[in-house]
Amino acid sequence: MFSLIRTFATQMENRLNETAYPAWLVRLHQWRTEHVSDKMFLLVLAFLVGLLSAVAAFVLHGLINQIVALLTGRFQADSYNWLYLVYPVIGIYLTSLFVRYIVKDNISHGITRILYAISSNRSRLKAHNMWSSVIASAITIGFGGSVGAEAPIVLTGSAIGSNLGKMFRLDNKTLMTLVGCGAAGAIAGIFKAPIAGLVFTLEVLMIDLTMASLLPILVSCVTATCFTYIFSGNAVLFSFHLDSDWTVDRVPACILLGVTCGLVSLYFIRTMNACEDLFARFKDRPYVRLLIGGLMLSTLIFLFPSLYGEGYHSINLLLNGKTEADWNQVLGGSLFYGHSEYLILYIALVLLTKVFATSATNGGGGCGGTFAPSLFIGCFTGFLFSRLWNMHQVGVYVPEKNFSLLGMAGVMSGVMHAPLTGIFLIAEITSGYNLFMPLMIVSVASYLTINIFEPHGIYGLRLAREGKLVTHHTDHAVLTLMSLDSVIDRDYQAVAPDMELGQIVHQISRSRNSVLPVTDAAGLLLGEINIVKIRHVVFRTELYNHFTASQLMADPAATLGDQTPMTQVMRTFERTQADWLPVIDSGNHLKGYISRKRMYEMYRKMVHDFSQD
C-alpha cells in the first residue's frame with residue numbers, strides 16, 4: 001500500500017517539476033502570453049488559489065470530524081475514558097509512518113516553512129505540500145493530537161499558489177504574491193473571515209500590500225470565503241452572542257487582561273521553543289521521540305480531555321455559557337467531572353499544560369500548527385482572568401464569555417505578533433463586531449507587553465535569529481531576498497603560490513577581475529594578488545623570473561562565508577571599501593568572488609522591482 005501511494009506521489013511531483021512541461025502546458029502558456037495580460041492572469045490564478053484553498057480546508061475539517069466522531073462518538077461525559085491513553089499514540093505513530101515512508105520530507109512548522117520559502121527559496125514550495133499536510137494533520141488531530149489544522153491548510157494554500165506560479169513560469173515577485181494569496185485564502189476559508197486573511201499576509205508573512213498584490217489577495221480571500229459558505233452553509237466556527245455591551249468603565253480590566261495575555265504568550269513561546277529543543281536532541285531516534293511525546297500527550301489528554309484535538313468544543317462551551325452548569329460541561333470526561341468547585345483549578349491546569357500537549361504532538365512525530373492552540377489558551381486565559389476578577393471584586397463586573405473572547409484575540413496577537421489579525425479574526429469568526437474597542441485594547445496591550453521580551457512572533461523567531469526573515473523594511477527585505485549564490489562570480493583565474501611573475505602576467509591578461517586568488521593544490525585560499533598594486537613590476541620583464549605569487553600576494557580585505565547573510569555582506573563591503581571579496585566555504589576552499597559593483601546593481605534592480613506597483 002505504502003509503495004503504491006509513494007509511486008503516485010512521485011509521479012505527481014515529477015509532473016509539477018518546473019523543468020518538465022507537457023506540450024499542452026507549453027501551448028497554453030504561449031496562448032496566455034499572447035492574449036491575456038499579466039495582471040488579468042494573476043487575478044485568474046488568485047481565484048483558482050482561493051477556490052482550491054477552500055476545498056482543502058473543507059476536506060481537512062471533514063476528515064478530522066469524521067475521525068473524531070468515529071473514535072469518540074460513544075464516550076461518556078460523566079466518566080473517564082481509558083482510550084484517551086491509546087488514541088493519541090496511534091495517531092502520532094501513523095502520522096510519522098506516513099511522513100517517513102510516503103512524504104519523505106519534513107512538513108512540520110507550516111507557516112515557518114512558508115516564511116523560509118519566501119526569504120531563501122524564491123517563494124518555491126514543494127509540490128507534495130499541496131496534499132501531504134492535509135493527510136498528516138487529519139490523522140494527527142483526528143486521533144487527539146493537541147494541535148491546530150490552520151498552519152497545515154495555510155501551507156497547503158501557499159503551496160498551491162507557488163506551484164501554479166511555477167507551472168506558468170512566473171517571476172519570483174509574482175510567486176510571492178501567489179504564496180500570499182494561498183495563505184490569505186486558507187485563513188479566509190477556514191474561518192470565513194476575508195479581512196483576517198488579508199491582514200494575516202500583511203502581519204505574519206510580511207507581504208507588502210501594494211496595488212499589484214492587494215487585489216489578487218482580496219480576490220483569493222473573497223473566493224475562499226464564498227466557496228466555504230457554499231460547502232458548509234452559514235454555520236460559524238465559534239458561535240457567540242453578546243449579552244452585555246462593553247462600557248468604558250471596563251477599560252482597566254481590558255488593559256490588565258491584555259498584559260496578562262502578553263505574559264501568557266511569552267510563556268507559550270518560551271515553553272514551546274524549550275520543548276522543541278528537547279525533542280530535537282532525539283532527531284535521529286524517532287521511536288524515542290514517539291515514546292516521550294506519545295506518553296506525555298496521552299497522559300495529559302486522559303487527565304484533561306479538553307486537550308483532545310483542536311479544542312474548539314471547549315472554546316464554544318466557554319463562549320456560550322450563561323450559568324455554572326453550562327461552564328461545568330468543560331469538565332466532562334475528566335476526573336474532575338461532578339466537582340464544580342474545581343472548575344478554576346481545571347481551567348488553570350489546562351491553560352498551563354496545553355503548550356506541553358502541543359509540543360508533545362509535534363515533537364513526537366505528529367503534524368499540526370500553533371494557531372488553534374493560541375486561540376484555545378487565549379479563551380481559557382480570558383475566562384480565568386474574568387472569573388478571578390469577579391471573585392475578588394476588583395472593580396466593575398466583567399462578563400466571563402466576553403472576556404473569553406477578548407482573551408483569544410490577546411494571546412493570538414501576542415504569540416504571532418499580529419494584533420490586527422487577532423482583532424479582525426475574532427471579530428469576524430464570532431460576529432463580535434460590537435466588541436471592536438475592547439478587542440483593540442486587549443490586542444495592543446498584549447502585543448506591547450510581549451514585544452518587551454520577544455521582538456518576533458513564534459513563526460518568524462527562528463528565521464529572525466538566522467537573519468532570514470523578510471520584514472516590511474524594504475532595505476532589509478531586499479537584502480534578505482537576495483541570494484548570495486546568485487552574485488558569486490566563479491569565473492576567476494587562480495594562481496599557485498610558486499608561480500612566477502611571467503606566468504602571472506599571462507593569467508592577468510585572461511582575468512576579468514582586478515584580483516587573482518592564490519590557492520594551493522586543494523583549492524584552499526592562501527591570499528590574493530591585487531593587479532593594481534603590482535603594476536610597478538608587471539611591465540618590467542627583467543623581473544619576471546625573480547618574483548613568485550607568494551611574494552606578491554596579500555591577505556584579502558575580508559572573506560565571506562558561503563552562508564553569510566546578504567546584510568552582513570553589504571556591511572562588509574561598506575567597512576572595507578573593497579571592490580572584490582572572496583567567498584569561501586567552511587573548509588577555506590575558494591568558491592568565487594563577489595563584485596561590489598555587480599551586487600549594488602542587483603540590489604538597485606531588486607529595490608525597483610520590490611517597490612513597483
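When reading the values below, keep in mind they use all heavy atoms of this one structure, side chains included, and skip hydrogens, waters and symmetry mates.
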Test of ring centre spacing under 6.0 Å for Tyr84 and Phe75: yes

Among Leu300, Leu307, Leu303, Val330, which residue satisfies the side chain to side chain contact (heavy atoms under 4.5 Å, CB included) criterion with Val350? Leu307

With no hydrogens and no angle check, is any side-chain donor or acceptor of Asn362 less than 3.5 Å from a backbone partner on Gly368? yes

Residue set satisfying side-chain hydrogen bond (donor to acceptor under 3.5 Å, both in side chains) with Ser146, at least two apart, ordered chain then number -> Lys354

Tell me whether the count of non-hydrogen atoms from other residues, nucleotides or ligands lying under 6.0 Å of OH in Tyr342 goes above 12. no

Residue list, salt bridge (Lys or Arg N to Asp or Glu O under 4.0 Å) with Lys401, at least two apart or on another chain: Asp243

Could you walk me through whether Leu352 and Tyr267 pass the side chain to side chain contact (heavy atoms under 4.5 Å, CB included) check? CA-CA 9 Å; Leu352 293 173; Tyr267 164 76; 4.0 Å; yes

Which residues pass the side-chain contact (heavy atoms from CB on, under 4.5 Å) test with Tyr229, not counting sequence neighbours? Lys192, Thr225, Asn234

Taking the six-membered ring of Tyr287, is NZ or CZ of Arg100 closer than 6.0 Å to its centre and within 45° of its axis? yes

Examine the side chains of Ser446 and Ser413 and answer whether a donor and an acceptor come within less than 3.5 Å of each other. no

Look at the side chain of Ser374 and the backbone N and O of Val415, then say whether any donor-acceptor pair between them is shorter than 3.5 Å. no

Flag yes if more than 12 heavy atoms outside Tyr93 fall under 6.0 Å of its OH atom; otherwise flag no. no

Parallel, tilted or perpendicular, as decided by the 30° and 60° cut-offs, for the rings of Trp131 and Phe98: perpendicular

Applying the side chain to side chain contact (heavy atoms under 4.5 Å, CB included) criterion to Ser265, which one of Ile458, Thr381, Ile450 satisfies it? Ile450

Output all residues satisfying salt bridge (Lys or Arg N to Asp or Glu O under 4.0 Å) with Glu341, sequence neighbours left out; order by chain, then residue number. none

Can you measure from CD1 (Ile315) to CG (Leu405) and round to the nearest 0.5 angstrom? 10.5 Å

Inter- and intrachain pairs under ring-ring contact (aromatic ring centres under 6.0 Å, His included), touching residues 358-386, at least two apart: Phe191-Phe371, Trp327-Phe383, Phe376-Phe380, Phe385-Trp389

Among residues at least two apart in sequence or on other chains, which ones pass side-chain hydrogen bond (donor to acceptor under 3.5 Å, both in side chains) with Asp326? Thr323

Between Thr72 and Tyr87, a side-chain donor and acceptor under 3.5 Å: no

